[in-house]
Amino acid sequence: MRNRIAYFAVLILAGAAIFITCSSNASAAGFQRVQIQEVAPIHSHAYAVKKHAKLYTSLSFKHYVTTKHYRKTAWYRQRFAKVSINGKKKIIFELQSANGRYTYWVFHSQVKGIASKSFKIALPSAGKRFAHKRIGVFGDSIPSGWDGFHFYLNDSYPDWTRKYLGSKPKLRNEAVPNAQIVGHEYRYVGGRYNKVVPRDLSVVLRHNRRTIKKMNIIFVHIGTNDYTNWSRSGSLTNVSRHLYWEIRYIRRINPRAKVYGILPISRFGNFGQDCGNLPNMYGYTLNQLRVAEYRVYKKLGATVVNFDRIAPNVIDARNRTVACRIIKFIRLPGLLRSWVIIWQNG
C-alpha cells in the first residue's frame, strides 16, 4: 500500500510476509529480442502471484526474483506494458506490493485474483468456524466495489473479509451503486450485473427474501447517498424510520442471522469541507446520520462497525482527493483484518 494510506499496511496480513529479496537473481535466458510497444497506466486491481512466477525488476527482463517470500502478499497493478518477446506479443503488469515497498513486472499469465483458493490468507483464529457460512452484503457503491467508473471484481472489502475467514465461506454481494435507505428504485448496472437490478435497500431486501433466509452473517453498509443533496430522502427522522423498517425486515425473515451495521465512511464536499459537521439541504450532518444509524442498529440487536473509529484517518482533508477514490474499492484490506478480529470475537 502506498504511503498515503500506509496505516492499513500495518495490519494487512497479505503484506505481513517477511520481505526478503531473493538472492538468486537470474538472467532471463531466451529473451534475445524484446520490443516494448506500449506502457500505460491501468485500473488498480488486487492480485496474487502464482507459485512459480518470476518477478522482473525491469522491462529488460535481465533480472528477476522468485515468489518464495511473496506467497501471502497482495499486489496491486499500476501499469501495463505490451511487449514483443522473440516475436511473440505479451501483456505485462507492473505490480506494487500492498505495503508499497516492492515493485516488479510480471507476465499477465503469472498472476491470479485474490479470490483464488490457492491464495490463502485466512486468519489463524478463524479456523474452520466459517467454512460453511453464508455471508450476505447489502449497501451502496462502497461495498459493491464500484469506483464511479467500473467494478473492482473480487476486490471489494467484502471479498477481502471472506478471504480472512477462509476460502470456503459463500459470499453474496447485493450492494448496488447509488443505493439509498429511502427509495424503491431499480437501475441498470453494468459490470458484474449488466442488467436492471433493484437498487434501494427496501427493494433489494424483498428481491432477495429467499436467500436472506439462508444467510448466517449479514452486513448492511448504506446511508451516504441519502445524505447527498437532492437525494429526496428527506429528514433524518425519515431516513432513520426507513432503516428501522428494513433492518426489522431482515430480523423478521431470518432471526438467527448475525447482522452488522456499518456506518457511513467519511466524505468531503466539493470544496474540501468535512461533511461530518456539514449540514445537507435536509438539515443534518454526516455525523448526525452516523449517530442515527447507530441507534437503529443497536435497538434491533445488530453489531455496529464504525470505520471512523477503527481508522479515523482513512480519509482526511489532506488525502481526500486520493483516499476518496481508493476507498471506493477498499484497496485497504488491513483495516478489514482488524475489523474481522473484532467482530469474529464479538
Side-chain angles (χ1 to χ4, degrees), residues 1-6 8-9 12-121 145 147 149-156 159-160 163 322 325-326 329-334:
M1 186 178 301
R2 291 189 173 88
N3 292 334
R4 54 180 172 257
I5 51 175
F8 268 140
I12 182 172
L13 180 63
I18 299 174
F19 288 95
I20 303 174
T21 303
C22 180
S23 58
S24 60
N25 284 358
S27 173
F31 290 1
Q32 290 90 353
R33 293 184 292 113
V34 178
Q35 293 181 325
I36 301 174
Q37 300 171 338
E38 180 183 2
V39 178
I42 192 171
H43 287 298
S44 183
H45 284 253
Y47 289 99
V49 289
K50 294 182 179 180
K51 185 175 181 179
H52 299 294
K54 295 178 180 179
L55 311 178
Y56 293 95
T57 57
S58 72
L59 287 176
S60 67
F61 302 104
K62 292 182 179 180
H63 302 283
Y64 67 84
V65 299
T66 68
T67 61
K68 179 179 179 180
H69 301 288
Y70 303 101
R71 300 286 171 78
K72 292 187 176 181
T73 301
W75 300 85
Y76 292 91
R77 69 182 186 186
Q78 302 184 116
R79 296 187 293 170
F80 78 97
K82 293 181 179 180
V83 302
S84 174
I85 299 176
N86 297 338
K88 295 183 178 180
K89 295 182 179 180
K90 303 285 185 179
I91 297 294
I92 318 291
F93 285 159
E94 183 186 49
L95 302 181
Q96 185 178 74
S97 60
N99 65 1
R101 292 173 60 188
Y102 296 92
T103 302
Y104 293 107
W105 290 93
V106 184
F107 285 96
H108 176 252
S109 61
Q110 297 303 302
V111 299
K112 57 187 178 182
I114 66 162
S116 171
K117 291 184 178 180
S118 60
F119 183 49
K120 299 178 180 180
I121 58 171
D147 74 339
F149 299 95
H150 78 303
F151 282 101
Y152 288 81
L153 297 180
N154 301 318
D155 199 7
S156 64
D159 295 311
W160 283 103
K163 292 297 294 186
V322 174
R325 171 176 55 85
I326 293 175
F329 58 96
I330 307 297
R331 181 184 162 176
L332 312 170

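Small disclaimer: the values here were computed from a predicted structure and weren't measured.
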Practice task
Walk me through it: do Lys54 and Tyr104 pass the test side chain to side chain contact (heavy atoms under 4.5 Å, CB included)?
Solution key: CA-CA 9 Å; Lys54 295 178 180 179; Tyr104 293 107; over 6 Å; no

Problem - Student check: side-chain heavy atoms of Ile85 and Phe107 closer than 4.5 Å - result: yes

Handout entry: Heavy-atom check, side chain of Thr57 versus side chain of Tyr64, under 4.5 Å
Key = no

Exercise for the section: Would you indicate whether Lys90, at its atom NZ, is surrounded by more than 12 heavy atoms from other residues, nucleotides or ligands within a distance under 6.0 Å? Expected result: no

Practice task
Mark yes or no for whether Ser84, through its side chain, and Gln35, through its backbone, hold a donor-acceptor pair below 3.5 Å.
Solution key: no

Practice task
Enter the distance from Arg79:CZ to Glu38:CD here, rounded to the nearest 0.5 Å.
Solution key: 12.0 Å

Exercise for the section: Verify the ring-centre separation between Phe93 and Trp75: is it less than 6.0 angstrom? Expected result: no

Fill in the blank from the handout: In terms of heavy-atom contacts, Leu55 and Thr66 come closest through CD1-O, 4.1 Å

Practice task
Would you check if the side chain of Ser44 reaches a backbone N or O of Gln78 as a donor-acceptor pair within less than 3.5 Å?
Solution key: no

Handout entry: Side chain to side chain, Val49 and Gln110, heavy atoms closer than 4.5 Å
Key = no

Practice task
Have a look at Ile92 and tell me which of Phe80, Tyr56, Phe61 forms a side-chain contact (heavy atoms from CB on, under 4.5 Å) with it.
Solution key: Phe61

Practice task
Would you confirm whether Lys163, through its side chain, and Phe119, through its main-chain N or O, come within 3.5 Å as a donor-acceptor pair?
Solution key: yes

Handout entry: OG on Ser60 to CD1 on Ile36, rounded to 0.5 Å
Key = 8.0 Å

Exercise for the section: List the atom of Trp160, the atom of Ala74, and the distance in Å for their closest heavy-atom pair. Expected result: CH2-CB, 3.6 Å

Practice task
Could you tell me how the ring of His45 sits relative to the ring of Tyr47: parallel (under 30°), tilted (30 to 60°) or perpendicular (over 60°)?
Solution key: tilted

Handout entry: Min side-chain heavy-atom separation Lys82-Ile91 under 4.5 Å
Key = yes

Handout entry: Value rounded to 0.5 Å, distance of NZ in Lys51 from NZ in Lys112
Key = 9.5 Å

Fill in the blank from the handout: For Ile121 and Lys72 the tightest heavy-atom approach is CG2-O, 4.0 Å

Fill in the blank from the handout: Residues Ala81 and Val39: closest non-hydrogen pair is CB-CG2, 4.0 Å

Completion exercise
Taken to the nearest 0.5 Å, the spacing of Thr67 OG1 from His52 NE2 works out to 7.5 Å

Handout entry: Inter-residue atom distance Leu95.CG - Arg77.CZ, 0.5 Å rounding
Key = 9.5 Å

Practice task
Kindly give the heavy-atom pair with the smallest separation between Arg71 and Lys68, and that separation in Å.
Solution key: CG-O, 3.9 Å

Exercise for the section: Please confirm whether the backbone N or O of Ser109 pairs with a side-chain atom of Lys50, one donor and one acceptor, at under 3.5 Å? Expected result: yes

